[in-house]
Amino acid sequence: MHSIPRALPSLADHITIILSSNNLFRLKQLHQIHTQLLINGCVTSTSLLTDFLTSCYRSQKHQQYPLLFLQNLPKPDPFLWNSMVRVSIESENLQDFLGFYNGLRENNLVPNKSTISLILRSFASLCATHLGESFHCQILKMGFVSEMVLQTGLLDFYAKVGDLASAKMVFDEMPERDVVANNAMISALGKHGCIEEAQSLFDSMLERNSCSWNSMITCYCKLGRIDSARQIFDCNPVRDVVSWNAIIDGYCKLEQLMNAEELFFRMGSAKNSVTWNTMIAGYVQSKEFGRAICAFQQMQSESVKPTEVTMVSLLSACAHLGALDMGEWIHAYIRRKKFRVDVVLGNALIDMYCKCGSIEAALDVFYGLRVKNIFCWNSIIVGLGMYGYGKEAIDVFISMEKESIKPDGVTFVGLLSGCSHSGLMSAGRRYFSQMSSLYGVVPGIEHYGCMVDLLGRAGFLEEALELIKTMPMKPNSVVWGSLLRACQVHKDTKVSEQVTRYLLELDPCDGGNYVFLSNLYASLNRWDDVKICRRLMIERGVRKTPGCSSIEVDNIVHEFVAGDASHPDFTQINVFLDEIEKKLKGHGHKPDTASVLHDIDDEEKEIIIRYHSERIAVAFGLMNTPPGKAIRVVKNLRTCNDCHSALKLISKVFKREIIVRDRNRFHQFSNGSCSCKDYW
DNA sequence: GTAGGGTTAG
């Protein structure tokens with residue numbers, strides 16, 4: 001009689017202690033509780049138990065435990081089962097979800113309404129079309145037919161997975177439609193571009209709330225019809241913060257930042273975190289990375305709480321800028337604020353670390369992610385390839401296969417370019433031939449591009465040319481460019497001329513092609529052809545993209561454009577560049593001027609090369625960072641031969657690791673050599 | 001219910 005009351009508080013205390021100490025890793029204690037609970041016939045408070053089981057599940061160490069526990073209960077508990085179904089689907093773990101869901105059904109229980117809603121929403125966001133469809137059938141069998149909330153959930157599910165026909169069917173079958181259902185249908189129609197139908201449904205509605213208006217704004221924005229969207233925004237009688245956010249986003253998506261900002265500033269203190277996120281994302285989409293970071297600082301000074309979404313945009317900005325310090329700061333901020341690192345944020349971190357030159361940190365994040373989607377796998381495969389870790393990229397691909405993730409076109413771009421950067425000929429050939437036969441991914445022009453690059457670099461110029469001639473699509477300038485580059489590396493001038501003519505025809509506006517061609521002629525001392533090239537550029541109004549390099553020092557990104565003297569420290573940098581040059585010459589460096597466009601004398605050429613933007617950025621880095629700290633530079637173009645060999649030497653002479661991200665890949669210079677093994 | 005985020009060959 002009194003043995004149970006005595007056992008109960010101690011049991012509850014036990015759970016509370018474990019929960020509060022955050023120590024869920026003691027299996028022994030778990031078993032103890034488990035046994036006691038079974039003996040007691042589960043009389044502990046359900047909410048405490050729910051906390052306990054969900055914490056177990058979230059702790060990652062004993063994820064299998066809650067299922068075991070529930071299966072062993074003498075009497076099935078609908079609340080506990082429902083909770084676990086919700087927790088597992090919330091963490092986007094379909095396998096666990098199915099385990100709990102099937103367990104629930106096997107115990108003759110039914111999911112409750114809120115569980116069903118959540119499942120439908122999760123299926124929608126996971127695009128789990130088939131699961132959603134079969135779930136729909138089950139809901140019908142369980143007799144939830146006339147529940148308006150669930151029908152709206154179904155409607156929303158079909159809308160999100162892109163099945164407009166089913167959405168319409170659910171909608172038509174609804175005995176009555178409230179404003180919520182109508183709104184869901186409007187947004188479904190809008191997503192499929194059926195704007196006329198959406199508009200007429202909107203016009204026919206007797207009751208409209210702010211969501212109805214906002215859905216219409218979004219519909220027009222999604223179609224790029226910003227003027228119609230603005231009209232609705234302007235005459236919306238129930239304008240709320242969402243209306244503002246929607247229209248601002250519409251402008252951002254069209255890169256009309258001025259219009260977006262005008263509204264943004266007009267909002268004053270009515271801005272919420274979504275408004276800020278929209279604007280920050282807008283800056284990032286328009287490649288205004290610095291302004292994105294400024295906006296974030298302002299957001300903080302106005303005490304608006306940043307969210308996971310803010311972090312994703314900021315990380316993307318860092319990735320583009322190559323701002324590792326800033327990226328690391330954001331990562332620390334994410335940890336400090338205990339933001340949930342889901343697949344999207346996780347991928348943003350992986351991408352940031354990859355693009356900022358810290359592949360180790362990228363791998364850490366990657367392996368730390370419990371749920372990975374195709375984007376995460378692709379990011380890390382592409383990343384490894386960019387560093388010249390082709391073998392490792394293949395290893396990751398193999399484990400991706402083991403986890404039954406189906407590779408897509410991007411995966412193969414990463415894999416093939418990785419093989420190309422590492423000179424893995426046979427692996428590259430094998431994956432190229434397998435991608436359609438074994439994996440069902442039809443090679444696109446980008447995959448042919450990778451193969452041309454792979455073959456060309458390895459010196460199989462004829463085979464590369466043959467591939468271009470037989471490929472099922474018209475070769476573009478990238479493909480010809482790869483071959484041309486290969487011709488240059490292998491000093492083949494026979495194929496080059498033929499290729500260049502195609503190139504200029506295909507892409508008469510790309511300044512890079514002219515420069516390349518001109519340099520090729522220059523290296524052969526064919527100065528008349530150089531002149532023709534330059535004249536063509538002037539005639540066609542094509543300009544060489546100026547080389548631009550950036551380096552982050554103390555959280556500020558400094559940009560240097562080749563030959564540009566506008567940086568405030570320019571004079572000092574210049575003096576230092578002279579010093580570097582002297583030291584390099586002392587170590588036997590001979591300037592290689594082949595990449596200089598102009599027909600000018602050698603001394604002048606050397607000066608032009610010395611002012612290549614990456615050299616300025618590296619000099620600036622050497623001057624402004626403590627000894628031993630790695631120097632990380634991001635360049636918009638490909639590094640020239642001279643800079644490449646100079647940087648190798650600088651890394652040795654100044655005892656600094658230098659990491660340069662150029663247009664194609666990473667170069668890790670250390671103690672006189674480069675990670676690309678001069679194969680780039 | 002409405003708003004915000006990620007990978008792609010030279």
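Within every chain, numbering begins at 1; the chains are lettered A, B, ... in the order of the sequence lines, protein sequences first and strands thereafter.
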Would you classify [X] as touching base, sugar-phosphate or nothing, given that sugar-phosphate means primed atoms plus P, OP1 and OP2, and contacts are heavy atoms under 4.0 Å?
X	result
N209(A)	base
N476(A)	base
V413(A)	sugar-phosphate
A281(A)	sugar-phosphate
N236(A)	nothing
N373(A)	base
S212(A)	nothing
I445(A)	base

Is there a side-chain polar atom (N or O) of [X] under 4.0 Å from OP1 or OP2 of [N]?
X	N	answer
T310(A)	dG5(B)	no
K222(A)	dT2(B)	no
H320(A)	dG6(B)	no
K355(A)	dT8(B)	yes

Can you check the [X] [atom1] to [N] [atom2] distance for me, whole Å?
X	N	atom1	atom2	result
N277(A)	dG5(B)	CG	P	9 Å
N183(A)	dT2(B)	CG	C1'	8 Å
F366(A)	dT7(B)	CZ	C1'	12 Å
E446(A)	dG10(B)	CD	P	12 Å
R457(A)	dG10(B)	CZ	C1'	8 Å
E207(A)	dG1(B)	CD	P	16 Å
K253(A)	dG5(B)	NZ	P	4 Å
L416(A)	dA9(B)	CG	P	12 Å

- For E176(A), does the CD atom have more than 12 heavy-atom neighbours from other residues, nucleotides or ligands under 6.0 Å away? no

Minimum-distance nucleotide (side-chain atoms of [X] versus [options]):
X	options	answer
D240(A)	dG10(B), dT2(B), dA9(B)	dT2(B)
R121(A)	dA9(B), dG6(B), dG1(B)	dG1(B)
V410(A)	dT2(B), dT8(B), dG5(B)	dT8(B)
C211(A)	dA9(B), dG6(B), dT2(B)	dT2(B)
F375(A)	dT7(B), dG5(B), dG10(B)	dT7(B)
V309(A)	dG5(B), dT7(B), dG10(B)	dG5(B)
N347(A)	dG5(B), dT7(B), dG1(B)	dT7(B)

- Test salt bridge (charged side-chain N to carboxylate O under 4.0 Å, His left out) applied to R429(A) and E463(A), step by step: CA-CA 12 Å; R429(A) 279 180 200 263; E463(A) 197 182 337; 2.7 Å; yes

- Item | Which residues share a side chain to side chain donor-acceptor pair (under 3.5 Å) with Y283(A), sequence neighbours left out | E261(A)

- Message: So, under a plain 3.5 Å distance rule, would you say the side chain of D662(A) forms a donor-acceptor pair with the base of dG10(B)?
- Response: no

- Message: Which label fits Y333(A) and F339(A): parallel for a plane angle under 30°, tilted from 30 to 60°, or perpendicular past 60°?
- Response: tilted

- Query: Under 4.0 Å between a Lys/Arg side-chain N and an Asp/Glu carboxylate O for E308(A) and K337(A)?
  - Reply: no

Considering only distance and modelled atom types, tabulate donor-acceptor pairs under 3.5 Å from the side chains of residues 472-481 of chain A, sequence neighbours left out.
from, atom 1, to, atom 2, distance (Å)
N476(A), OD1, V478(A), N, 3.2
N476(A), OD1, V479(A), N, 3.0
S477(A), OG, D507(A), OD2, 3.0

- Query: Does the side chain of R457(A) come under 3.5 Å of the side chain of S420(A) through a donor N or O and an acceptor N or O?
  - Reply: yes

